Amino acid sequence: MSSESSKKRKPKVIRSDGAPAEGKRTRSDTEQEGKCYSEEAEVDLRDPGRDYELYKYTCQELQRLMAEIQDLKSRGGKDAQAVEIEDRRIQSCVHFMTLKKLNRLAHIRLKKGRDQTHEAKQKVDAYHLQLQNLLYEVMHLQKEITKCLEFKSKHEEIDLVSLEEFYKEAPPDISKAEVTMGDPHQQTLARLDWELEQRKRLAEKYRECLSNKEKILKEIEVKKEYLSSLQPRLNSIMQASLPVQEYLFMPFDQAHKQYETARHLPPPLYVLFVQATAYGQACDKMLSVAIEGSVDEAKALFKPPEDSQDDESDSDAEEEQTTVRAWGPLSTRCCPPWKQKRERESRKVKEREGSWDHGSQSTEAQKRRRPTLGVQLDDKRKEMLKRHPLSVLLDLKCKDDSVLHLTFYYLMNLNIMTVKAKVTTATELITPISAGDLLSPDSVLSCLYPGDHGKKTPNPANQYQFDKVGILTLRDYVLDLGHPYLWVQKLGGLHFPKEQPQHTVITDHSLSASHMETTMKLLKTRVQSRLALHKQFASLEHGIVPVTSDCHYLFPAKVVSRLVKWVTIAHEDYTELHFTKDIVEAGLAGDTNLYYMALVERGTAKLQAAVVLNPGYSSIPPIFQLCLNWKGEKTNNNDDNIRAMESEVNVCFKELCGPRPGHQLLTNQLQRLCVLLDVYLETESHDDSVEGPKEFPQEKMCLRLFRGPSRMKPFKYNHPQGFFSHR
């Protein structure tokens, strides 16, 4: 009964004072909802903040009602409690309805927010697209402006006369100074008109010159015909003047004989002879050219070989063939030719043994004994390295009456040329120990051109020829045959391609003529530089650094450090020095260079200088590597000032070249090294804990003793002020 009565009972609505009146509606509101109700429209009218407060309030009420229902159920099942539970259940349902409505309103608000955000994004995208279009328009306009600014007219390529010359030479009707001075455009047009006028005049002058040229060519042809008819008459006159030449000791006949001998020269030596003679007559009267050797042997080379050949040579050829022949089976093998030859010789001996004694028979047997394989190879090597009987001798005289004797040979089978050199002086030179290799024939012409050491053959085909006779390299024979320098081949008109072997000799007069003058100048320079070094080394070995009067201004008046030692060292000894590793690793210490060791002392300080002297001195400066023994060992690896001293000598060498041709470079570098050692020692700080005077008192005037964190010393000497400063 209690449950039925509770069902018939109307639900009560419990409202608190702070809660909004959600369940209570007026009549006018009900009528309006009946007419048209829309939650989307209601969202615009409601305040989201108040809905949020309603949501929190509703949740709190639901928690409270649920807690009360839980409490009532836990007390027991009475009718009064059931009624209260039902009331609270109804109130909870009402609150649930409120939450559902709030949820719908929240979803509607979310949807509207998304729609508004989408509309705003569309507007932003539209604005961004408009911005991109505007930026593209701006970029396009900028490109057009740049094209207009960079436009170059054809008239800009024309080299017009200057404005001063234009207004000075152009007539007033073209220059129009009153108009063009203030208007650059009109000025350019006027200058172009003047340029056109000048070119028309030059074209007319060019046509006149062409007509004059044709007239002169016709006159030259007429004179050529006259000269060609004059040659036979001159020959007859020369023949008639031979007695006069003999009486007046004129060398025309001797020159003629030399030219006749030159006909028997091989092509490379002939080209050298002709070009050297022409150069001597035109440019160097001190150059003398001569031909040495046997003319008869040269003529014999062109004779056809005789039909009859020596039996021994035949037997040698047959033996050479049989030594490399692979014999077949015993049943098919025949008697070798050399054995047949021996049998024929033995029969001849038996026929004549009545007139021969035993001694003569043994001697003949020794003569006919077969040479061994080693002897045959030696003969083949000699034949391959055989020189032409004729050679060309050039005597190149210098200003100091020293003479460079060059003897050029031609190796017929190798198709290359070689040269031997010898230097003679007007006075006998005292050869210092360290100058032993300066004028030696083996090195005096080494590396006349960079990399041309003359130790290997320039003809690639020779290597295949060497392999046949067991020659490893031509280096072992250059002392006897001469050096096959590349410039020697060019003087003879020989050119060998590097990619493929060349089996035929091709001589070119133009190649020889193009290198003749340069090579002669280099040869003179080489002799003069070696003679200058020869004289300088004589002084250096006695501890004297010779400085000419033209170079005194490069150094201060007083130099305390002195050279105490100057010796030559071997290439292997140089590479083993610990302070020369940088030069060796850089590839600047080749086996063609000359190596020396200098020792500079001052007090207890000793400075070692390892010197690399390139064969191309003085166009290629010497290279110094330093090691200072004072308060320990100091090199460029542990002391920046030592590196700066090396830079002063090696890098700033142009300041020390002196007057041309710069043969005083080496001695000036050594003198600069003594000065640098003085500056290094005098600028060292004195230890206050050591009593007594300073070991190296400062005598050089320096603007600053040190500079920078590395405390670099002032090594640059300033003339004529006489002080030292930093670079």
Side-chain angles (χ1 to χ4, degrees), residues 1-140:
M1 292 294 293
S2 60
S3 61
E4 293 177 358
S5 61
S6 62
K7 291 179 181 180
K8 294 178 181 179
R9 189 179 299 171
K10 294 181 179 180
K12 296 181 179 181
V13 179
I14 302 175
R15 294 185 178 90
S16 61
D17 296 335
E22 178 65 26
K24 186 177 180 180
R25 296 180 180 178
T26 61
R27 186 175 181 181
S28 61
D29 295 337
T30 306
E31 291 176 356
Q32 288 178 0
E33 287 183 357
K35 293 179 181 179
C36 180
Y37 175 75
S38 174
E39 287 186 347
E40 295 181 357
E42 186 180 359
V43 167
D44 299 333
L45 301 176
R46 295 175 67 94
D47 184 14
R50 295 186 63 186
D51 288 347
Y52 178 67
E53 294 295 332
L54 178 61
Y55 167 74
K56 291 196 298 183
Y57 170 76
T58 304
C59 291
Q60 292 175 0
E61 288 297 319
L62 280 174
Q63 290 178 357
R64 183 180 61 79
L65 291 173
M66 293 300 172
E68 291 178 357
I69 292 172
Q70 178 68 23
D71 186 39
L72 291 174
K73 286 185 176 183
S74 62
R75 293 178 182 177
K78 295 181 181 181
D79 295 338
Q81 293 177 351
V83 173
E84 292 178 359
I85 291 171
E86 184 66 21
D87 291 339
R88 287 170 173 76
R89 185 183 67 80
I90 294 172
Q91 293 177 10
S92 299
C93 291
V94 172
H95 288 306
F96 274 117
M97 295 299 293
T98 302
L99 288 177
K100 288 183 178 181
K101 182 175 182 180
L102 292 175
N103 184 33
R104 290 195 301 274
L105 293 176
H107 281 288
I108 293 172
R109 286 194 183 95
L110 178 61
K111 183 177 180 301
K112 286 188 175 182
R114 288 178 177 174
D115 294 341
Q116 292 175 358
T117 303
H118 183 65
E119 292 176 359
K121 286 178 66 177
Q122 287 182 342
K123 290 181 180 180
V124 171
D125 291 341
Y127 291 148
H128 185 265
L129 182 60
Q130 293 178 3
L131 176 62
Q132 294 296 326
N133 291 335
L134 291 175
L135 291 177
Y136 179 77
E137 289 290 336
V138 170
M139 183 177 65
H140 177 69

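All of these numbers come straight from a predicted model, not from anything done at the bench.
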Please report the C-alpha distance between I90 and E86 in whole Å, then the side-chain angles of each, then the deciding distance to 0.1 Å, and finally whether the side chain to side chain contact (heavy atoms under 4.5 Å, CB included) criterion is met. CA-CA 6 Å; I90 294 172; E86 184 66 21; 4.2 Å; yes
Measure across S92 and L62 and return the closest heavy-atom pair with its distance rounded to 0.1 Å. O-CD2, 3.6 Å
Passing option when E39 is tested against K100, R104, R109 for salt bridge (Lys or Arg N to Asp or Glu O under 4.0 Å): R104
Output the distance between atom NE2 (H128) and atom CG (N133), rounded to the nearest 0.5 Å. 10.5 Å
Kindly indicate whether the side chain of E61, heavy atoms from C-beta on, has any atom under 4.5 Å from the side chain of T98. no
Take K123 and E119 through the test salt bridge (charged side-chain N to carboxylate O under 4.0 Å, His left out) and record every step on the way to the result. CA-CA 6 Å; K123 290 181 180 180; E119 292 176 359; 5.9 Å; no
Test salt bridge (charged side-chain N to carboxylate O under 4.0 Å, His left out) applied to R50 and E53, step by step: CA-CA 5 Å; R50 295 186 63 186; E53 294 295 332; over 6 Å; no
Determine, stepwise, if the pair K101 / E42 fulfils side chain to side chain contact (heavy atoms under 4.5 Å, CB included). CA-CA 11 Å; K101 182 175 182 180; E42 186 180 359; 3.1 Å; yes
Is there a side-chain contact between Q63 and M66, using heavy atoms and a 4.5 Å cut-off? no
Does Q70 CD have over 12 foreign heavy atoms under 6.0 Å away? no
In this structure, NZ of K56 is separated from CG of L102 (nearest 0.5 Å) by 13.0 Å
Neighbour count above 12 (heavy atom, 6.0 Å) for M97 CE: no
Does this structure show an ion pair linking E84 with R75, if we count only N-O contacts that are shorter than 4.0 Å? no
Do any N or O atoms from the side chain of N103 and from the backbone of L99 form a donor-acceptor pair under 3.5 angstrom? no
For the CD atom of Q116 and the NZ atom of K111, what is their distance to the nearest 0.5 Å? 11.0 Å
Examine distances only and state if a side-chain atom of K112 and a backbone atom of E40 form a donor-acceptor pair shorter than 3.5 Å. yes
Note, R64 side chain near Q60 side chain (heavy atom, < 4.5 Å): no
CG on D47 to OH on Y52, rounded to 0.5 Å: 13.5 Å
